Amino acid sequence: MPQTLTIATWNVNSVRSRLPNLLAWLGANPVDILLLQELKCIKEQFPRMELEDLGYNLAIHGQKTFNGVAICSKYPLDDIICELPGDESDSAARYIEAVVSLKGAALRVASVYVPNGQEVGSDKFAYKLSFLERLSALWAQHLRHHEIAVLGGDFNVAPYPVDVYDPEKLDGSVCYHPEERQRLRALLHLGMVDAFRQLHPQMQKFSWWDYRGGSYPRGHGMRIDHLLLSPEAADCLVRASIDENPRGEEKPSDHAPVIATLKF
DNA sequence: ATGGTTGAACCTCAA
């Protein structure tokens with residue numbers, strides 16, 4: 001079993017379009033496990049060789065044009081699951097889960113891309129709420145096994161007022177509506193720990209800024225990407241951060257990577 | 001600010 005393990009989540013907004021940014025970031029941040037969202041390509045189009053050359057094992061759930069999630073791990077991946085139970089009609093590639101085999105131990109990890117919801121009150125917003133409920137139902141089951149487990153990804157929900165640039169103006173809008181925040185809190189009430197907030201109770205840091213309206217230079221962001229830890233994983237948490245540097249570089253994703261380090 | 005930008009694929013949608 002390794003002494004420490006670093007895990008990151010990043011919505012890259014097209015893995016093929018973002019490959020130079022991704023490889024540059026991994027060069028400077030050689031994390032053990034990377035959870036990706038919004039691949040926007042099928043499995044066959046994923047830049048497999050480039051990531052394998054960096055020592056990553058891959059579990060990919062791709063989809064043409066939209067969605068797509070992956071787990072990249074320097075340790076072997078087993079028991080890969082691509083479906084989020086609870087809605088047989090939902091074929092969007094928004095969830096992947098695997099067991100990472102550490103030497104003498106195991107870690108369950110999942111990469112999730114929660115639907116954006118588009119507009120409060122729309123069908124897509126209802127789908128978002130039900131997706132969050134399905135996520136809670138599955139992880140309520142997982143937590144019964146008392147494993148070291150990490151659920152990371154783009155949740156498209158900012159949990160607290162400090163997590164948005166203007167909580168009064170944004171209250172009730174998509175990604176910061178009370179109904180969504182309640183469903184994200186339901187995951188926390190199961191016992192899952194928000195890694196960043198656990199170690200930085202007051203700090204305002206964002207993980208997403210809209211491409212439109214100069215949001216990044218204006219500081220108009222939200223913290224909607226999260227690493228949620230099982231209690232057993234939270235007991236090992238020693239470091240958590242959001243690296244907003246990639247958001248300021250050429251042809252960026254609209255999201256920044258979120259990182260946590262576990263020490264065993 | 002009922003705008004604005006980006007990616008993929010198509011002449012528009014999802015975010």
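Predicted model only: the values in this text are computed from it and were never measured. In what follows, every chain begins at residue 1, and chains take the letters A, B, ... in the order their sequences are listed.
Sequence order on DNA chain B of the closest nucleotides to A:Asp154 and A:Ser14 puts A:Ser14 first from the 5' end. Nearest-nucleotide assignment on DNA chain B puts the 5′-proximal partner with A:Lys251, out of A:Lys251 and A:Pro115.
Cation-pi geometry between A:Arg181 and A:Tyr176 is met: under 6.0 angstrom from the ring centre, within 45 degrees of the axis.
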Output side-chain donor-acceptor pairs under 3.5 Å for residues 68-86 of chain A, partner residues at least two apart or in another chain, one line each.
| residue | atom | partner | partner atom | Å |
| --- | --- | --- | --- | --- |
| A:Ser73 | OG | A:Tyr75 | N | 3.0 |
| A:Ser73 | OG | A:Tyr75 | O | 2.6 |
| A:Asp78 | OD2 | A:Ser101 | OG | 2.7 |

Side-chain donor-acceptor pairs of residues 39-47 of chain A under 3.5 Å, sequence neighbours excluded:
| residue | atom | partner | partner atom | Å |
| --- | --- | --- | --- | --- |
| A:Lys40 | NZ | A:Asn13 | OD1 | 2.9 |
| A:Gln45 | OE1 | A:Ile42 | N | 3.2 |

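For the pair A:Ile224/A:Val157, no side-chain contact is recorded, criterion being any heavy-atom separation below 4.5 Å from C-beta on.
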* To do: For the pair A:Tyr127 and A:Asp90, evaluate side chain to side chain donor-acceptor pair (under 3.5 Å) and give the outcome as yes or no after the intermediate values.
  => CA-CA 10 Å; A:Tyr127 169 51; A:Asp90 183 7; 3.0 Å; yes
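One atom, CZ of A:Arg218, and another, P of B:dG3, lie 16 Å apart when rounded to the nearest Å. Whole-Å rounding puts the A:Glu119 CD to B:dC13 C1' distance at 15 Å. Counting to the nearest Å, the C1' atom of B:dT2 and the CG atom of A:Leu170 are 15 Å from each other. Atom P of nucleotide B:dA14 and atom OH of A:Tyr127 are separated by 12 Å, given to the nearest angstrom. Between the CD atom of A:Gln63 and the C1' atom of B:dC13 there is a distance of 13 Å, rounded to whole Å. A:Gln118 has its CD atom 8 Å from the C1' atom of B:dA15, to the nearest Å. Straight-line distance from the CG atom of A:Asp210 to the P atom of B:dG4: 12 Å, rounded to whole Å. Counting to the nearest Å, the P atom of B:dA15 and the CD atom of A:Glu38 are 7 Å from each other.
With C1' as the reference atom, B:dG4 and B:dA14 are 16 Å apart, rounded to whole Å. For the P atoms, the distance from B:dG3 to B:dA9 is 28 Å, rounded to whole Å. Separation of the P atoms belonging to B:dT2 and B:dT12 is 23 Å when rounded to the nearest angstrom.
Not a single side chain to side chain contact (heavy atoms under 4.5 Å, CB included) links A:Lys103 to another residue, sequence neighbours left out. By the side chain to side chain contact (heavy atoms under 4.5 Å, CB included) test, A:Ser17 pairs with A:Ser14, sequence neighbours left out.
Closest to the side chain of A:Tyr211, out of B:dA14, B:dT6, B:dG4, is B:dT6.
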Using nucleotides 9-11 of chain B, report all nitrogen or oxygen pairs with the protein that are shorter than 3.5 Å.
none

* Structure fact -> Dot-bracket for DNA chain B, 5' to 3', Watson-Crick and G-U pairs with both distances under 3.5 Å, [ ] for crossing pairs, | for partner on another strand, reads ....((((...))))
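Within 6.0 Å of CE on A:Met1 lie more than 12 heavy atoms contributed by other residues, nucleotides or ligands.
Counting any heavy atom pair closer than 4.0 Å across all strands shown, A:Arg18 reaches sugar-phosphate atoms only and no base atom. Using a 4.0 Å heavy-atom cutoff across all strands shown, A:Tyr113 reaches sugar-phosphate atoms only and no base atom. The residue A:Arg94 sits close only to the backbone: its heavy atoms come under 4.0 Å of sugar-phosphate atoms, none of a base.
Side-chain atoms of A:Asp243 and A:Trp25 form a donor-acceptor pair, as typed in the model, at a separation below 3.5 Å. Between the side chains of A:His255 and A:Gln37, no donor-acceptor pair is found at a separation under 3.5 Å.
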